[in-house]
Enquirer: 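This structure is in structure tokens; I'll ask about it shortly.
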Amino acid sequence: MSRDLVELAKRRGYFFQSAGAYGGVSGFYTYGPEGATLKQNVEDAWRERFQVREGHREIDAPTVLPEPVFEASGHLDGFDDMLVECPECGESHRADHLVEDNTEIEEAESIPIPEVETLIADHDLRCPNCDAELAGQSVEEFNLMFETNIGPGSSSPGYLRPETAQGIFVEFPQLAEYARNQLPFGITQIGKAYRNEISPRKSIIRVREFTQAELEHFVDPEADEPPLDRVADVELTLYPADEQEREDGEYLTKTVREAVDEGIVHEWIAYYLGVGKQWYESIGVDMDRFRFRQHLPGELAHYSADCWDAESEVDGDWIEISGYSYRSDYDLSKHDDHSDDDFTVFKQYDEPTVVERATVDPDMSYLGPEFGGAAGDVADALETLAERDRTAFDAETVTVEVDGETHAIPVEKTGFSVDEIKETGEHVLPHVVEPSIGVDRVIYTVLDHAYEEDEIEGEARTRLALEPEVAPTFVGVFPLMDKDGMGETAREVTADLRAAGFDVTYDDSGNIGRRYRRQDEVGTPFCVTVDYDSLDDDTVTLRERDSTEQVRVAVDDLPDLLADLRSGDLAFGELDAPTPDQ
RNA sequence: GCGCCGAUGGUCUAGUGGUAGGACCUGAGCCUUCCAAGCUCAUGGCCCGGGUUCAAAUCCCGGUCGGCGCACCA
């Protein structure tokens with residue numbers, strides 16, 4: 001943990017622990033004025049690269065969703081996790097899994113904790129790691145989702161979303177309609193997500209409320225291919241699973257094209273690794289402290305078919321800052337099953353095809369009286385049988401089995417027929433490609449990688465070398481001294497630059513060097529100083545943070561000049577105006 | 001959640017059973033025509049609760065928060 005960076009972040013208004021006046025609250029941080037703007041700038045840059053340039057669209061879903069959503073998504077399975085800790089080796093194990101593995105019991109998750117403890121003692125369950133007795137150990141419950149009640153009473157439980165993605169998936173039917181049922185299309189969302197972490201750590205690296213920027217790209221797995229050409233030559237630092245499992249595992253440096261051709265990375269994932277690499281670099285992540293690491297097989301989330309994390313090195317540790325996951329049709333198929341709506345997209349064939357299909361149209365006025373409550377199941381069984389084995393309907397009666405009972409039905413009552421059906425297309429369950437960015441961790445990385453301590457004229461100085469595109473304060477404006485009209489002129493320059501859309505700070509406190517140092521520490525890339533010459537010829541000095549070099553420019557040119565410096569169209573070194581005497 | 005360590009102005013820190021000093025920062029003034037200069041003045045602090053004691057910021061217990069390790073991390 002970089003104490004210096006955390007201290008600077010607090011002192012200069014980047015971020016600090018929330019509710020300090022009440023002792024603080026673990027796992028929650030407030031972004032101060034500089035941090036909130038930095039975050040906004042990072043989000044804007046992400047939106048520009050992952051959404052606008054890719055032709056995707058953004059939505060804004062609720063942070064609270066009702067329980068059935070998470071039953072479908074699989075997140076609720078983790079709700080009642082029960083842990084038991086081994087007294088010998090200290091290893092924690094899922095108590096419900098131990099019970100299921102060693103007894104005839106299934107669904108141990110729903111058993112109350114005291115009974116699980118009794119089961120562990122009765123069956124003499126032992127630690128899978130060291131074989132120590134677990135009897136007598138207490139079973140602890142934990143819950144990674146924040147639970148709440150929607151409306152009064154507890155009849156309608158809801159949860160704070162543990163990932164923004166579910167807000168997109170549950171709205172897929174509406175979103176597909178918006179996309180005119182055409183694949184592929186992509187939906188982004190930037191917003192808060194919540195996990196009730198057992199143990200928040202490392203300042204804003206592991207918190208209970210965090211911001212995700214997620215893209216869910218819905219594609220036809222049969223037909224759609226990523227536009228690899230756009231990023232084909234982008235070089236990726238890859239750390240595949242097999243290299244991680246080797247003792248002398250190494251990174252591979254491959255272009256996006258090579259990574260796909262050599263079968264190292266799924267093509268859709270590779271495409272977004274290329275996009276991501278460009279983006280991280282553009283906002284100031286140090287590419288020497290950056291890699292893409294493939295998840296090990298045991299590490300994959302319940303929904304994920306393949307996953308690569310973007311990782312950055314901060315303070316000697318590698319931290320996950322984004323996940324690039326191929327979620328296949330997991331989420332949409334779950335919501336398709338659990339909800340009332342259809343989560344498929346109808347894909348029309350080029351030419352309609354004619355197929356023979358065996359169907360039934362059972363006479364329910366016969367089945368009903370005959371089979372009572374089982375009538376519906378019998379009808380379903382007939383339909384299934386017709387699809388599977390139409391010869392079963394050749395005889396006078398057909399038999400189906402429902403719940404272990406065999407039923408005979410006269411074929412004439414089944415409405416059995418074989419028809420030619422014209423099929424104009426089919427329903428496709430889209431696959432999902434998901435780049436998921438942890439905004440807070442990206443911000444920590446950007447700050448950490450920008451943090452420099454260097455020496456200017458024998459004096460140590462601390463400097464945040466933030467990219468101009470994301471720096472929260474873009475320009476500082478100072479009068480050399482606040483007298484002889486310089487202060488007034490500097491205030492006018494400040495107002496003009498603010499009107500031109502820049503984040504400007506005005507400072508006339510202390511000597512000029514002190515003011516430069518303040519802005520270096522905040523990470524302000526440029527400073528404008530109004531001096532005596534300014535009063536005569538309407539020019540000012542423009543100073544760059546990293547080099548501390550200055551050029552003299554006309555006041556009237558400032559807005560255009562600064563805009564070009566911010567966008568990267570112009571580098572400070574290209575300015576050739578004469579350097580003022582210092 | 002467990003274990004170890006810690007908590008003094010905004011920040012960094014000194015310190016003692018008799019309620020606190022420094023540095024930096026910040027603010028006001030003087031000085032100063034370009035990189036943390038100088039002078040004067042000022043604001044601001046012992047994490048919370050309980051216990052022991054005549055007296056607790058200091059000792060003890062509990063809590064909160066933080067760092068590290070274990071575990072967890074969709």
Side-chain angles (χ1 to χ4, degrees), chain A residues 1 3-4 6-13 16-28 32 70 73-79 81 83-87 89-94 138 140-145 161-163 165-166 193 195-203 205-208 210 212 295 299-304 307 319-320 323 325 327 330-331 434 436 438 456-462 478-484 486 509-521 527-535 540-541 543 545 548-550 552 579-582:
Chain A
M1 200 74 260
R3 293 169 50 91
D4 290 342
V6 172
E7 186 265 310
L8 184 151
K10 185 174 187 177
R11 193 160 40 79
R12 289 300 185 189
F16 46 85
Q17 194 175 28
S18 300
Y22 291 90
V25 54
S26 185
F28 293 89
F70 299 110
S73 71
H75 288 99
L76 204 57
D77 284 346
F79 168 59
D81 275 1
L83 286 188
V84 59
E85 188 175 332
C86 171
C89 68
E91 191 101 347
S92 281
H93 305 283
R94 287 277 297 266
S138 64
E140 308 284 342
E141 172 178 332
F142 75 93
N143 169 5
L144 277 174
M145 282 198 291
R161 59 185 180 193
E163 56 173 358
Q166 294 306 323
R195 291 176 198 172
N196 202 359
E197 295 281 352
I198 297 169
S199 172
R201 286 288 162 86
K202 291 178 184 284
S203 93
I205 299 294
R206 221 169 115 192
V207 286
R208 292 189 166 119
F210 53 101
Q212 289 186 311
H295 274 203
E299 201 178 353
L300 286 171
H302 63 270
Y303 54 69
S304 186
C307 186
I319 61 166
E320 174 193 348
S325 185
R327 296 178 76 135
Y330 179 88
D331 301 277
E434 180 196 74
S436 171
I456 290 299
E457 296 174 11
E459 299 278 357
R461 73 163 178 159
T462 302
F478 321 136
L480 187 59
M481 287 168 292
D482 189 11
K483 65 179 190 181
D484 299 330
M486 286 183 283
S509 164
N511 72 55
I512 193 74
R514 179 187 296 272
R515 284 175 266 166
Y516 287 143
R517 286 291 187 275
R518 273 189 200 122
Q519 295 310 315
D520 289 341
E521 206 178 53
C527 289
V528 166
T529 298
V530 172
D531 57 17
Y532 280 99
D533 290 350
S534 308
L535 303 178
V540 291
T541 63
R543 171 202 186 254
R545 174 196 61 210
T548 76
E549 286 179 2
Q550 289 176 285
R552 181 165 286 278
T579 305
D581 297 333
Q582 295 191 19

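Letters A, B, ... mirror the listed sequences (proteins, then strands); counts begin at 1.
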Enquirer: From C-beta outward on A:Lys10, which listed nucleotide comes closest to its side chain: B:rU26, B:rA71, B:rG10?
Expert: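 Looking only at side-chain atoms, A:Lys10 lies closest to B:rG10.
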Enquirer: Closest to the A:Arg11 side chain: B:rG1, B:rU11, B:rU33?
Expert: B:rU11
Enquirer: Expressed as a whole number of angstroms, how long is the span from A:Arg461:CZ to B:rA36:P?
Expert: 11 Å
Enquirer: In whole angstrom, what separates A:Glu549's CD from B:rC34's C1'?
Expert: 14 Å
Enquirer: Ignoring hydrogens and geometry beyond distance, is the side chain of A:Glu197 in donor-acceptor contact with the base of B:rC73 at under 3.5 Å?
Expert: no
Enquirer: In whole angstrom, what separates A:Asp4's CG from B:rC24's P?
Expert: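 These atoms are roughly 18 Å apart.
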Enquirer: Do you see a donor-acceptor pair shorter than 3.5 Å between the side chains of A:Thr541 and A:Arg543?
Expert: no
Enquirer: Given the C1' atoms of B:rU8 and B:rA23, what is the spacing between them in whole Å?
Expert: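 To the nearest whole Å, 14 Å.
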Enquirer: Are any of the side-chain heavy atoms of A:Arg195 and A:Pro200 separated by less than 4.5 Å?
Expert: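 A:Arg195 vs A:Pro200: side chains apart.
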Enquirer: Looking only at side-chain N and O atoms, does A:Arg514 come under 4.0 Å of OP1 or OP2 in B:rU26?
Expert: yes
Enquirer: Looking only at side-chain N and O atoms, does A:Ser509 come under 4.0 Å of OP1 or OP2 in B:rU26?
Expert: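 Checking B:rU26 against A:Ser509, no side-chain N or O comes under 4.0 Å of OP1 or OP2.
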Enquirer: Atom CD of A:Glu163 to atom P of B:rC73: distance rounded to whole Å?
Expert: 15 Å
Enquirer: Using the P atom on both, measure B:rG6 against B:rC60 and round to a whole Å.
Expert: 11 Å
Enquirer: Starting the side chain at C-beta, find the nucleotide from B:rC73, B:rC34, B:rU33 nearest to A:Arg206.
Expert: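 The listed nucleotide nearest to A:Arg206's side chain is B:rC73.
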Enquirer: Is any side-chain heavy atom of A:His75 closer than 4.5 Å to a side-chain heavy atom of A:Glu163?
Expert: yes
Enquirer: Roughly how far apart, to the nearest Å, are B:rC41 and B:rC46 at atom C1'?
Expert: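 Per the computed distance, 26 Å lies between those C1' atoms.
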Enquirer: Between B:rA14 and B:rG22, how far apart are the C1' atoms? Round to whole Å, please.
Expert: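 Each nucleotide's C1' atom is 7 Å from the other's.
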Enquirer: I'd like the P distance from B:rU11 over to B:rG69, given in whole Å.
Expert: 25 Å
Enquirer: Please determine, for the side chain of A:Glu7, which listed nucleotide (B:rA74, B:rU11, B:rA71) has the closest atom?
Expert: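 Between B:rA74, B:rU11, B:rA71, the one nearest the side chain of A:Glu7 would be B:rU11.
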Enquirer: Among B:rA71, B:rC35, B:rG10, find the nucleotide with the atom closest to the side chain of A:Tyr516.
Expert: B:rC35
Enquirer: Output the rounded distance in Å from NE2 (A:His295) to P (B:rC73).
Expert: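 Atom NE2 in A:His295 sits about 12 Å away from atom P in B:rC73.
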Enquirer: Within the 4.5 Å heavy-atom criterion, are A:Ser534 and A:Arg552 side-chain neighbours or not?
Expert: yes
Enquirer: State whether A:Gln17 places a side-chain N or O below 4.0 Å from either non-bridging phosphate oxygen (OP1 or OP2) of B:rC65.
Expert: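 No, no such contact exists.
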Enquirer: For a quick check of understanding: with a heavy-atom distance under 4.0 Å over all strands, which category does A:Ala460 fall into, base, sugar-phosphate or nothing?
Expert: base
Enquirer: Checking contacts here: which listed nucleotide (B:rA36, B:rA71, B:rA74) is nearest the side-chain heavy atoms of A:Met145?
Expert: B:rA74
Enquirer: Does A:Thr548 contact B:rC35 through a side-chain donor or acceptor facing the base, at a distance under 3.5 Å?
Expert: no
Enquirer: Could you work out which one of B:rG10, B:rG66, B:rG67 sits closest to the side chain of A:Arg201?
Expert: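 Looking only at side-chain atoms, A:Arg201 lies closest to B:rG67.
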Enquirer: Grab the CD-C1' distance between A:Gln519 and B:rC25 for me, whole Å please.
Expert: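 Distance, rounded to whole Å: 15 Å.
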Enquirer: Any donor-acceptor pair under 3.5 Å between the side chain of A:Arg543 and the base of B:rC34?
Expert: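 Result: no qualifying N/O pair found.
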Enquirer: Is any side-chain nitrogen or oxygen of A:Lys202 closer than 4.0 Å to OP1 or OP2 of B:rC68?
Expert: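 Yes, because at least one side-chain N or O of A:Lys202 sits under 4.0 Å from OP1 or OP2 of B:rC68.
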Enquirer: If we call it a pair only when both distances are under 3.5 Å in a Watson-Crick or G-U wobble match, what pairs with B:rG1?
Expert: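 Pair assignment: B:rG1 / B:rC70.
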Enquirer: Establish, with yes or no, whether the OP1 or OP2 oxygen of B:rG66 is under 4.0 angstrom from a side-chain nitrogen or oxygen of A:Ser26.
Expert: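 Checking A:Ser26 against B:rG66: at least one side-chain N or O falls below 4.0 Å of OP1 or OP2.
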Enquirer: Report the base-pairing partner of B:rU53 (Watson-Crick or G-U wobble, both distances below 3.5 angstrom), or none.
Expert: none
Enquirer: Determine which nucleotide pairs with B:rA20, using a 3.5 Å limit on both distances of a Watson-Crick or G-U wobble pair.
Expert: none
Enquirer: For A:Thr529 and A:Pro162, find the nucleotide of RNA chain B closest to each by heavy atoms; which residue's nucleotide sits nearer the 5' end?
Expert: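 So the residue in question is A:Thr529.
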Enquirer: Do A:Arg545 and A:Tyr516 have side chains that get closer than 4.5 Å, going by heavy atoms?
Expert: no
Enquirer: Could you check whether any side-chain heavy atom of A:Arg517 comes within less than 4.5 Å of a side-chain heavy atom of A:Arg461, counting everything from C-beta outward?
Expert: yes
Enquirer: Using Watson-Crick or G-U wobble geometry with both distances under 3.5 Å, which nucleotide pairs with B:rG62?
Expert: B:rC48
Enquirer: With C1' as the reference atom in both, quote the distance from B:rU58 to B:rA36 in angstrom, rounded to an integer.
Expert: 37 Å
Enquirer: With side chains defined as the heavy atoms from C-beta onward, is the minimum distance between A:Arg12 and A:Arg518 less than 4.5 Å?
Expert: yes
Enquirer: Mind checking who B:rG38 pairs with, Watson-Crick or G-U wobble, both distances under 3.5 Å?
Expert: B:rC30
Enquirer: In whole Å, what separates the C1' atom of B:rC39 from that of B:rU32?
Expert: 12 Å
Enquirer: From the set B:rA74, B:rU33, B:rC35, return the single nucleotide nearest to any side-chain atom of A:Arg517.
Expert: B:rC35
Enquirer: In whole angstrom, give the distance that lies between atom CZ of A:Arg12 and atom P of B:rA36.
Expert: 15 Å
Enquirer: Hey, are the side chains of A:Gln550 and A:Cys527 touching, using non-hydrogen atoms and a 4.5 Å cut-off?
Expert: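 Not in contact.
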Enquirer: Rounded off to whole Å, could you give me the CZ-to-C1' distance for the A:Phe70 and B:rA74 pair?
Expert: 11 Å
Enquirer: Say you pick atom C1' in B:rG44 and the same atom in B:rG38; how far apart are they, in whole Å?
Expert: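 Nearest-Å result for B:rG44 against B:rG38 at atom C1': 24 Å.
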Enquirer: Considering heavy-atom distances to RNA chain B, does A:Val540 or A:Glu320 have its closest nucleotide positioned more toward the 5' end?
Expert: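 Looking at RNA chain B, the more 5' nearest nucleotide goes with A:Val540.
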